[in-house]
Amino acid sequence: MRFGPWQTALLHKSPIPCLFPMSHPLCLSCCAYVLIVTAVYWVSEAVPLGAAALVPAFLYPLFGVLKSSEVAAEYCKDTTLLLMGVICLAASIEKWNLHKRIALRMVMIAGAKPGMLVLGFMCCTVFLSMWLSNTSTTAMVMPIAEAVLQQLISTGVADTQEDSETVEATEDDYKEENLDKNQLELDSLYLFLSLFQTAISIPEPKKEKESKDSRYPTKRDHMICKCLSLSITYAATIGGLITITGTSTNLIFAEQFNNRYPDAKVINFGTWFIFSFPIAIIMLLLTWVWLHFLFLGCNFRETCSLSKKRKTRREMLSERKIHDEYIKLGPISYPEVVTGVFFILMTLLWFTREPGFVPGWTSLFEKKGYRTDATVSVLLGFLLFLIPARRPFSRAPRTTAGDGSAERDPDPLAPMITWKDFQNLMPWEIVILVGGGYALAAGCKVSGLSVWIGRQLEPMSGLPPWMVTLLACLLVSAVTEFASNPATLTVFLPILSALSETLQINPLHTLIPATMCVSFGVMLPVGNPPNAIVFSYGHVQISDMVKAGFGVNLIGVLVVMLAIMTWGVPLFNLTEFPEWAIDRNVTGSL
């Protein structure tokens, strides 16, 4: 490969020759230069992430690493179509308020006791985040939680006054009962009661008041607000781990893995769900216990009791508020039913495409390998643009105008979703960002940079596989606190793949845990958008997020390590270096 004088001069003026001696091919140095420049833009966020992802699109052709047509092909892959189909379903869910109905119903079942209320919100957030983006889920659930919290705050003063009146009444009864005794003990008893009354009036009835500037009646109310707010962002992160479409980092991993190891055929919706669902359940319960201990204390019996006799006035009003919000939705509508059917149908088709233990529905077709999860999502997403939102053979609903006259719906054949609904939710920046990651991976493969990186990591060959995985998880989870999750994963995936091939470890042993741990940027508001949304409501401070997030981060890493060392071993056959990785290693070396 020949370079012009300006290309050679640019490379000699860059810091790359210091890292890669000139004995290395210039193509490798060029690829490393593009990778570092893109990574710096992603980590610093000097430009938008999507714009930074376009750097390989013009630098690779200029440096002669890849043709422009080859780079362009990397920006639209199978996962792009998969995401588009999922966004169509998500647009229908949000347009017809099915997500709000699910959330309110689950909270109504959980009740208004602080512990159960937090657990109820976490469960509904996890469920919604499996199918919607973490950001959309948090932005939807937080207003509902905020309405409940405001009801809690508004009734706090009245509840405190009611408790005080109860204490005073108890004291009066106690006085009257004792003053009826014989006259000889009256003076001494009166003195005793006076001292007793003085003693018990010093500490108010176990209610720690907040400062006069605070908007919270008591410190406990503030702690409940902190606990509920943080639980929602953590639950959104946990829910995004469960499905391959739950978060953009899962899609990045799936596409880069399938591109690097096309013969693997081990990562699909079903295998990912089977591996990640137990992780999410364990993390959900441990995170709830951690937040309860941190903000509500250890009295689980008091805060989690389902007994109606133990409900306070405040809890009853909170339940009434949630019930009123649910009643406002009215009876379930025809579009909600259609959306729910499509939701269930898409899940079933994903699960049964290639379940592994039995033949899937793709075995009914003669040609194999043509149909993927994207085929299902795009088909069902397209149908949502065709199916009318009005029940067939039903009368058109009437809307009351301002003057009291009735007029018909102007568009009786309006579809379930429109292109505008789709556009409002489609994250084009993530699509371009994912494409930029694919382009970088393709350049590393063609130039031989991934093989060179793998050879530099050979000194780690003496470490056991679990230690390599643990170090990768800790490193990724630390970096992602300050950099965006997709950018962090895009940079680390090629490195970890090369490392696994060099150490003769099943690549899934390091790639899957790293993909999950990259979502654990939960200690700072800048860690991910759900953190920023929750922080903007003003209930939590950065110190609260750091303290609670550190525990959640540690829980996440430990649970992921437990999973990859136990049920992940037979699921992905992690004890052997697979043939599809051997073939890739031999090809890359050549």
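By convention here, the first residue in the shown sequence is residue 1.
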Checklist entry - Of all residues at least two apart in sequence or in a different chain, which pass the side chain to side chain donor-acceptor pair (under 3.5 Å) check with Thr287? => result none
Checklist entry - If you take all heavy atoms of Pro507 and Tyr261, which pair is closest and at what distance? => result CG-OH, 3.6 Å
Item to check | Check against side chain to side chain contact (heavy atoms under 4.5 Å, CB included), Trp290 and Leu294 | outcome: CA-CA 6 Å; Trp290 165 244; Leu294 200 61; 4.0 Å; yes
Item to check | Between CG on residue Asn553 and OG on residue Ser519, distance to nearest 0.5 Å | outcome: 11.0 Å
Next on the checklist: Among residues at least two apart in sequence or on other chains, which ones pass ring pair (Phe, Tyr, Trp, His ring centres under 6.0 Å) with Phe343?
Outcome noted: Phe127, Trp131
Checklist entry - Which heavy atom of Trp567 sits nearest a heavy atom of Ala563, and at what distance? => result CZ2-CB, 3.2 Å
Item to check | Side chain proximity check, Phe257 to Leu493, heavy atoms < 4.5 angstrom | outcome: no
Checklist entry - With side chains defined as the heavy atoms from C-beta onward, is the minimum distance between Cys123 and Leu284 less than 4.5 Å? => result yes
Item to check | Listed partners of Thr362 passing side chain to side chain contact (heavy atoms under 4.5 Å, CB included), at least two apart | outcome: Arg353, Glu354, Arg371
Checklist entry - Testing Thr510, Leu511, Leu475 for side chain to side chain contact (heavy atoms under 4.5 Å, CB included) with Phe492, which one passes? => result Leu475
Next on the checklist: Any side-chain to backbone donor/acceptor pair from Ser129 onto Val126? Under 3.5 Å, distance only.
Outcome noted: no
Checklist entry - Leu345 and Val376: side chain to side chain contact (heavy atoms under 4.5 Å, CB included), yes or no, with the steps? => result CA-CA 9 Å; Leu345 185 60; Val376 174; over 6 Å; no
Checklist entry - Taking side chain as C-beta onward, heavy atoms only, is Val65 less than 4.5 Å from Val34? => result no
Checklist entry - Stepwise, does the side chain to side chain contact (heavy atoms under 4.5 Å, CB included) test hold for Leu384 with Leu380? => result CA-CA 7 Å; Leu384 289 172; Leu380 297 181; over 6 Å; no
Item to check | Beyond-backbone contact of Phe295 with Leu228, side-chain heavy atoms, under 4.5 angstrom | outcome: no
Checklist entry - Measuring from Leu574:CG to His509:NE2, what's the distance to the nearest 0.5 Å? => result 5.5 Å
Next on the checklist: Between Ser231 (side chain only) and Met122 (backbone N and O only), is there a donor and an acceptor less than 3.5 Å apart?
Outcome noted: no
Item to check | Between Phe253 and Trp272, ring centroids under 6.0 Å | outcome: yes
Checklist entry - Considering residues at least two apart in sequence or located in another chain, which fulfil the side chain to side chain contact (heavy atoms under 4.5 Å, CB included) criterion with Leu348? => result Ile344
Checklist entry - Counting heavy atoms not belonging to Phe550, are there more than 12 under 6.0 Å from its CZ? => result no
Item to check | Min side-chain heavy-atom separation Val552-Thr237 under 4.5 Å | outcome: no
Item to check | Sequence-distant partners of Tyr60, ring pair (Phe, Tyr, Trp, His ring centres under 6.0 Å), two or more places apart | outcome: none
Checklist entry - In terms of the angle between their ring planes, are Tyr33 and Phe63 parallel, tilted or perpendicular, with boundaries placed at 30° and 60°? => result perpendicular
Checklist entry - Hey, does Met283 have a side-chain heavy atom less than 4.5 Å from the side chain of Met516? => result no
Checklist entry - Which residues satisfy the side chain to side chain donor-acceptor pair (under 3.5 Å) test with Thr339, sequence neighbours excluded? => result Ser92
Checklist entry - With a 4.5 Å heavy-atom cut-off, do Leu470 and Val557 have their side chains touching? => result yes
Checklist entry - Could you state the interatomic distance from CH2 (Trp288) to CZ (Phe293), rounded to the nearest 0.5 Å? => result 14.0 Å
Checklist entry - Taking only residues two or more places apart in sequence, or in another chain, which ones meet Ser276 in a side chain to side chain donor-acceptor pair (under 3.5 Å)? => result none
Checklist entry - Which heavy atom in Leu66 sits nearest to a heavy atom in Ala439, and how many Å separate them? => result CD1-O, 4.4 Å
Checklist entry - Are any non-hydrogen side-chain atoms of Ile564 and Phe275 less than 4.5 angstrom apart? => result yes
Next on the checklist: Restricting to non-hydrogen atoms, name the atom on Ile505 and the atom on Pro465 that form the minimum distance, rounded to 0.1 Å.
Outcome noted: CD1-CA, 4.1 Å
Checklist entry - Distance-only, no hydrogens or angles: does the Thr271 side chain make a donor-acceptor pair with backbone N or O of Asn268 under 3.5 Å? => result yes
Next on the checklist: Nearest 0.5 Å, please: how far is OG1 in Thr247 from CG in Leu489?
Outcome noted: 9.5 Å
Next on the checklist: Rounded at 0.5 Å granularity, tell me how far CD1 in Ile244 sits from CD in Glu255.
Outcome noted: 10.5 Å
Next on the checklist: Leu128 vs Ile93, test: side chain to side chain contact (heavy atoms under 4.5 Å, CB included). Steps then yes/no.
Outcome noted: CA-CA 10 Å; Leu128 294 174; Ile93 290 175; 5.6 Å; no
Give the table of side-chain donor-acceptor pairs shorter than 3.5 Å for residues 69-76, with sequence neighbours excluded, one pair per line with atom names and distance.
{"unit_1": "Glu70", "atom_1": "OE1", "unit_2": "Lys67", "atom_2": "N", "d": "3.1"}
{"unit_1": "Glu74", "atom_1": "OE1", "unit_2": "Lys77", "atom_2": "NZ", "d": "3.4"}
{"unit_1": "Tyr75", "atom_1": "OH", "unit_2": "Ala53", "atom_2": "O", "d": "2.6"}

Next on the checklist: Tell me every residue that passes side chain to side chain contact (heavy atoms under 4.5 Å, CB included) with Leu554, counting only those two or more places apart in sequence or in another chain.
Outcome noted: Leu558
Checklist entry - Residues two or more places apart in sequence or in another chain: which of them pass side chain to side chain donor-acceptor pair (under 3.5 Å) with Asp544? => result Lys226
Checklist entry - Rounded to the nearest 0.5 Å, what separation is found between the CH2 atom of Trp466 and the SG atom of Cys473? => result 12.0 Å
Checklist entry - For Thr575, which residues count as a side chain to side chain contact (heavy atoms under 4.5 Å, CB included) partner, sequence neighbours excluded? => result Val569, Asn573
Item to check | Closest non-hydrogen atom pair, Pro56 against Leu440 | outcome: CG-CD2, 3.6 Å
Item to check | Pairing residues for Phe273 by the ring pair (Phe, Tyr, Trp, His ring centres under 6.0 Å) criterion, not counting sequence neighbours | outcome: Phe277, Phe351
